[in-house]
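As the structure lists them, so they are numbered: ligands from 1, and atoms in each ligand from 1. Residue indices begin at 1 and follow the sequence shown. Computed from a predicted model, the values in this text were never measured in an experiment. When reading the values below, keep in mind they use all heavy atoms of this one structure, side chains included, and skip hydrogens, waters and symmetry mates.
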Amino acid sequence: MNRCIVLAARPKGAADLNCFRLETLPIGAPREGEILLRTLWLSLDPYMRGRMSDAPSYVAPVPIGGVMPAGTVACVEKSLNKNLRVGELVLAANGWQEYAVSDGGGLTKLPANIESPSYALGVMGMPGFTAYVGLLDIGKPQPNETVVVAAATGAVGSVVGQIAKLKGCRVVGIAGGTDKCAWAVEELGFDACIDHRAAGLAESLARACPKGIDVYFENVGGKVFQAVLPLINAHARIPVCGLISQYNETPPDGASVQALMRAILVKRISMRGFISSDGFEHRRAEFLETMSAWLRAGKIKYREDVVQGLENAPAAFLGLLAGRNFGKLIVKVGADDNTAGAAR
Ligand SMILES: NC(=O)c1ccc[n+]([C@@H]2O[C@H](COP(=O)([O-])OP(=O)(O)OC[C@H]3O[C@@H](n4cnc5c(N)ncnc54)[C@H](OP(=O)(O)O)[C@@H]3O)[C@@H](O)[C@H]2O)c1
């Protein structure tokens, strides 16, 4: 049987466990040209909160009763497709479920000798690519500039800060809690990391950025952005990657929007929203080559937060929206070996 997690109800305000339902359905049978995929790893990402809502966005919402969307690393269990063999690993958008039938479209084969397949969902995949193009193409960091990154120990933020260090910048992270801040400084090599849950965020950030902020990589919004804005230098760049503090909330009031608009004008700030899956594909090959070289050389460190079992995905996802993950959040859905699959 195929266990899957569907959207049971749209959240009103904060999402909770009642928004999800575990269902068990027969495993689909592949027809000619199709394959059966078994999910090994499932990626949990903040964008999924947006898909639960029917507010207008850059992609359609998940229908009520629809399987929650997700990037997955999956193993080919049965194949009636001449291009894919049993046992091969692929990157697939199978969603929160254990099995899926595919016609082979939209899949990316992973190398047969891949050491850490789950990295394809993190540092070598969508979050790593987002950090790479967002920082380098939009942030354009220059040596000795000050780069501030929010959600600094997460999948995107941890990579942003480390790339900025490789580019010769002063890097200041903003993260939730002393453990995360210590890890950013001691393990990732950031120059400072400010705890946004502690009192005096604006003052601490000002002390850590004596020359102001030249690049602010926005992952969070809300009170973190309010602390950043007064420190923004003339001609600063702000890649707007995400606004996770607002995903469960109503939009900010008009006064803070007015302060933002004035700052954009008088400081001649370049502020650009971006979605890494839209318009950056020409950067993919360079990213994969550069990031794998940095990982091999130990120049980029990467941390995963692994949750066991599909049934635990909803609680883990709610934890992501509350800052309970520490590193890239992924779910181990199925065993790695190819004998444990469809026959189970
Ligand atoms: N534009 C794109 O193409 C794109 C692609 C991928 C991701 N994103 C965005 O990038 C951001 C980071 O995503 P990620 O996958 O790397 O997630 P992540 O950082 O691994 O996890 C989310 C983190 O956000 C922080 N957070 C949650 N609520 C917060 C709040 N109210 N105030 C401050 N911080 C809060 C928490 O860290 P702390 O405990 O440190 O606060 C939490 O651990 C998200 O906004 C996401 O939507 C955008």
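Those atoms of ligand 1 that come under 4.0 Å of a heavy atom in G176, given as number and element, are 38 (P), 39 (O), 40 (O), 41 (O). Below 4.0 Å from some heavy atom of L243 lie the following atoms of ligand 1, by number and element: 45 (O). Numbered from 1 in the order shown, with element, the atoms of ligand 1 that lie under 4.0 Å from a heavy atom of G242 read 9 (C), 45 (O). Using a 4.0 Å cut-off to heavy atoms of L321, the atoms of ligand 1 that qualify are 27 (C), 28 (N). The atoms of ligand 1 that sit less than 4.0 Å from any heavy atom of A175 are 40 (O). Less than 4.0 angstrom separates some heavy atom of V220 from each of these atoms of ligand 1: 32 (N), 33 (C), 34 (N).
Across every non-hydrogen atom of Y99 and M1, the tightest pair is CE1-O, 4.0 Å. Of all non-hydrogen atoms in G104 and N81, the two that sit nearest each other are CA-ND2, 4.2 Å. Taking both residues in full, the closest heavy atoms of R237 and P141 are given as NH2-CA, 4.2 Å, listed atom of the first, atom of the second, then distance. The two residues E311 and I5 have their closest heavy-atom pair at CA-CD1, 4.3 Å.
Exactly one residue among L121, L40, T72, L42 makes a side chain to side chain contact (heavy atoms under 4.5 Å, CB included) with V331. That residue is L42.
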Test side-chain contact (heavy atoms from CB on, under 4.5 Å) on V76 and R85; report intermediate values, then the result.
CA-CA 7 Å; V76 179; R85 292 193 316 277; over 6 Å; no
Please report the C-alpha distance between V147 and R170 in whole Å, then the side-chain angles of each, then the deciding distance to 0.1 Å, and finally whether the side-chain contact (heavy atoms from CB on, under 4.5 Å) criterion is met.
CA-CA 6 Å; V147 174; R170 174 174 173 77; over 6 Å; no
Does the pair V224 and S245 meet the rule for a side-chain contact (heavy atoms from CB on, under 4.5 Å), with working shown?
CA-CA 9 Å; V224 170; S245 74; over 6 Å; no
Determine, step by step, whether V172 and L205 satisfy the side-chain contact (heavy atoms from CB on, under 4.5 Å) criterion, reporting the C-alpha distance in whole Å, the side-chain angles of both residues, the deciding distance to 0.1 Å, and the verdict.
CA-CA 8 Å; V172 177; L205 190 62; 4.0 Å; yes
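Closest protein heavy atom to atom 19 (O) of ligand 1: G154 CA, 3.2 Å. For atom 1 (N) of ligand 1, the closest heavy atom belonging to the protein is F274 O, 2.8 Å. Scanning the protein for heavy atoms near atom 37 (O) of ligand 1, the closest one is K180 NZ, 3.7 Å. With hydrogens left out, the protein atom closest to atom 22 (C) of ligand 1 is I244 CD1, 3.6 Å, a heavy atom. From the protein, the heavy atom lying nearest to atom 7 (C) of ligand 1 is V156 CG2, 3.7 Å. Remark: minimum distance from atom 43 (O) of ligand 1 to any protein heavy atom is reached at N325 OD1, 2.5 Å. Nearest to atom 47 (O) of ligand 1 among the protein's heavy atoms is Y247 OH, 2.6 Å. Considering only non-hydrogen protein atoms, atom 41 (O) of ligand 1 sits nearest to H196 NE2, 2.6 Å.
Taking any N or O of A152, backbone or side chain, none lies under 3.5 Å from an N or O belonging to ligand 1. Checked by distance only, ligand 1 and S245 stay at 3.5 Å or farther apart across all their nitrogen or oxygen atoms. Remark: ligand 1 and S276 share an N or O pair separated by less than 3.5 Å (distance only, no angle test). For N219, a nitrogen or oxygen atom sits less than 3.5 Å from a nitrogen or oxygen atom of ligand 1, counting backbone and side chain alike. Considering both main-chain and side-chain atoms, C241 comes within under 3.5 Å of ligand 1 through a nitrogen or oxygen pair. Residue R197 places at least one N or O, backbone or side chain, under 3.5 Å from an N or O of ligand 1. In terms of polar-atom proximity, A155 is counted as a contact of ligand 1, with an N or O under 3.5 Å from an N or O of the ligand. The shortest N or O to N or O distance between I275 and ligand 1 is not under 3.5 Å.
Heavy-atom separations between M126 and ligand 1 include at least one value shorter than 4.0 Å.
Pairs of residues two or more places apart, or lying in two chains, that qualify as ring-ring contact (aromatic ring centres under 6.0 Å, His included) and include a residue from residues 113-161 are Y119-Y302, F129-F287, Y132-F287.
Taking all heavy atoms of G323, G327, P46, S43 into account, the minimum distance to atom 13 (O) of ligand 1 is reached by P46.
Salt-bridge annotation for E98 and R3: present, with a side-chain N of the basic residue lying under 4.0 Å from a carboxylate O of the acidic one. Between R283 and D137, at least one side-chain nitrogen of the basic residue sits less than 4.0 Å from a carboxylate oxygen of the acidic one, meeting the salt-bridge criterion.
With a 4.0 Å heavy-atom cut-off, ligand 1 is reached by the backbone of L320 and by its side chain too.
Taking the six-membered ring where tryptophan is involved, the planes of F217 and F274 are perpendicular, since the angle between them exceeds 60° and thus also 30°.
By the 4.5 Å heavy-atom criterion applied to side chains, V133 and R284 are not counted as neighbours.
Atom CG of residue L231 and atom NZ of residue K211 lie 15.0 Å apart, to the nearest 0.5 angstrom.
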